[in-house]
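Letters A, B, ... are given to chains in the order of the sequence lines, protein chains preceding strands, and every chain is numbered from 1.
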Protein chains: 2
Amino acid sequence: MLFSTATGYALRALAALPEDGSFCLAKDLSASLELPGPYLAKILQGLVQAEILESVRGPKGGFRLLRPSHRITVGEVVIALEGPNSMDGCIMGFPTCGGDHPCPLHEAWGAVKAQVATSMTEATIRDLQLMDLRHQKDAKDRPPCEKP
Amino acid sequence: MLFSTATGYALRALAALPEDGSFCLAKDLSASLELPGPYLAKILQGLVQAEILESVRGPKGGFRLLRPSHRITVGEVVIALEGPNSMDGCIMGFPTCGGDHPCPLHEAWGAVKAQVATSMTEATIRDLQLMDLRHQKDAKDRPPCEKP
DNA sequence: TTGAATTCATCCTTTTTTGTCTTAAATTAG
DNA sequence: CTAATTTAAGACAAAAAAGGATGAATTCAA
């Protein structure tokens, strides 16, 4: 996979969050997505600091999206988790690879990076919501956060 | 970088090896490329087991390519270091992503993977030899293994 | 107001990757 | 045959990632 597992967990969690402004518990998210709970909690905290999520603690608290899901791009989440320069650099890690000393994969990889970058800035969390990210055996279960 | 650092080290070392069948010391390779010596030695051993390199120990020993450099593809080295399935899987790590449940980046990433895979099987170590992989300040130094 | 339940936030293990070191085995030269 | 050289193989250490356990803060009800 191109991104870290933490980034994948973050994207899955964001896609599972409801869009109506109701709060969702980290525990319910991890249970619904079958992700390690404490690790996901730590990732969610990072998304709070990146001003993608909002958190409230105490009863009736939890996490919720700070913006509507179609205003959060996949690229934004990747940058929040992996830094702004994660896609820079040579595909093989050659320090001398550059415009004047290109490696054999430089051009192909450059085109690829541009295409992926474009796709990432165009795709939003709303696009992710359209696919069912839970495992098949749990697809029939209730959504992570039910309304009253 | 798309690959692991170990894979990058392996590719750099292979590109630095001479093509005339002479042996090269692991110590000289790591010094010339400014790579951690013992770690590179371990990687070279793996390349021997993958039947990409040949090793002989004792005085006048060292490592050398088992085949001419244009018969060793980059993809072969990547597979030897990272396994045959390193490029499979969803770009975001979604377990349910597939032909019937594609993620928003599925198609773009699929095209990209195919292009990179093709480039990797076409590019050989000889192509890497054409670029100078040592740091600029050392570019004027002697090659890692000089002939008698 | 007080306390108890709930929930996020912070710190502590485990695992993987990366990097180092030591010892043994093999080859060559004298 | 001895000594010097060099890889092979293993244990060992450090860093990062992944996962887990505990504590601090908030809410609500009595």
Set of side-chain contact (heavy atoms from CB on, under 4.5 Å) partners for A:Thr121, sequence neighbours left out =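 For A:Thr121 there are no side-chain contact (heavy atoms from CB on, under 4.5 Å) partners, ignoring immediate neighbours.
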Donor-acceptor contacts under 3.5 Å from residues 83-95 of chain A side chains, at least two apart:
none

message = Show every side-chain hydrogen bond (donor to acceptor under 3.5 Å, both in side chains) that has at least one partner inside residues 105-120 of chain A, sequence neighbours left out.
response =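 Pairs touching residues 105-120 of chain A that pass the test: none.
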Write down the distance between [atom1] ([X]) and [atom2] ([N]), rounded to a whole number of angstrom.
| X | N | atom1 | atom2 | answer |
| --- | --- | --- | --- | --- |
| A:Phe23 | C:dT7 | CZ | P | 12 Å |
| B:Ile43 | C:dT17 | CD1 | C1' | 11 Å |
| A:Tyr39 | C:dA9 | OH | P | 17 Å |
| B:Lys27 | C:dT20 | NZ | P | 16 Å |
| B:Lys42 | C:dT18 | NZ | P | 11 Å |
| B:Leu40 | C:dG19 | CG | C1' | 12 Å |

query = Quick one: CG on A:Leu105 to CZ on B:Phe3, what's the gap to the nearest 0.5 Å?
reply =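 If I round to the nearest 0.5 Å, the distance is 7.0 Å.
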ask   = For the atom pair CG (B:Leu14) and CZ (B:Phe63), what is the distance rounded to the nearest 0.5 Å?
value =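 One finds 11.0 Å between CG of B:Leu14 and CZ of B:Phe63.
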Please name all residues satisfying side-chain hydrogen bond (donor to acceptor under 3.5 Å, both in side chains) with [X], sequence neighbours left out, ordered by chain then number.
| X | value |
| --- | --- |
| B:Thr73 | none |
| A:Arg57 | none |
| B:Ser30 | none |
| B:Arg126 | B:Glu19 |

Could I get a table of every N or O pair under 3.5 Å where one atom is in the protein and the other is in nucleotides 24-29 of chain C?
{"unit_1": "C:dA26", "atom_1": "O4'", "unit_2": "B:Arg57", "atom_2": "NE", "d": "3.1"}
{"unit_1": "C:dT27", "atom_1": "O4'", "unit_2": "B:Arg57", "atom_2": "O", "d": "3.1"}

Pairwise salt bridge (Lys or Arg N to Asp or Glu O under 4.0 Å) hits with a residue in residues 65-80 of chain B, at least two apart =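 The answer is B:Arg67-B:Glu76.
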How is [X] classified with respect to the nucleic acid when contacts are heavy atoms under 4.0 Å: base, sugar-phosphate, or nothing?
| X | result |
| --- | --- |
| A:Ala41 | nothing |
| A:Gly62 | sugar-phosphate |
| B:Pro38 | base |

key: Residues touching DNA chain D, which here means a heavy atom under 4.0 Å, drawn from residues 81-93 of chain A   =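 Close to the strand, none.
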Below 3.5 Å, can you tabulate the donor-acceptor pairs from side chains in residues 41-54 of chain B to any protein atom, sequence neighbours excluded?
{"unit_1": "B:Glu54", "atom_1": "OE1", "unit_2": "B:Arg64", "atom_2": "NE", "d": "2.8"}
{"unit_1": "B:Glu54", "atom_1": "OE1", "unit_2": "B:Arg64", "atom_2": "NH2", "d": "3.3"}

inquiry  = Does a side-chain N or O of B:Thr5 approach OP1 or OP2 of C:dT18 to a distance below 4.0 Å, or not?
reply    =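 So the side-chain polar atoms of B:Thr5 do come within 4.0 Å of the phosphate oxygens OP1 or OP2 of C:dT18, strictly under.
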ask   = Hey, does the side chain of B:Tyr9 come within less than 4.0 Å of C:dT18's phosphate (OP1/OP2), counting only N and O?
value =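 It does not, given that no N or O in the side chain of B:Tyr9 lies less than 4.0 Å from OP1 or OP2 of C:dT18.
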key: Span of DNA chain D in contact with chain B (heavy atoms, under 4.0 Å)   =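 Reading along DNA chain D, I get D:dA4 to D:dA11.
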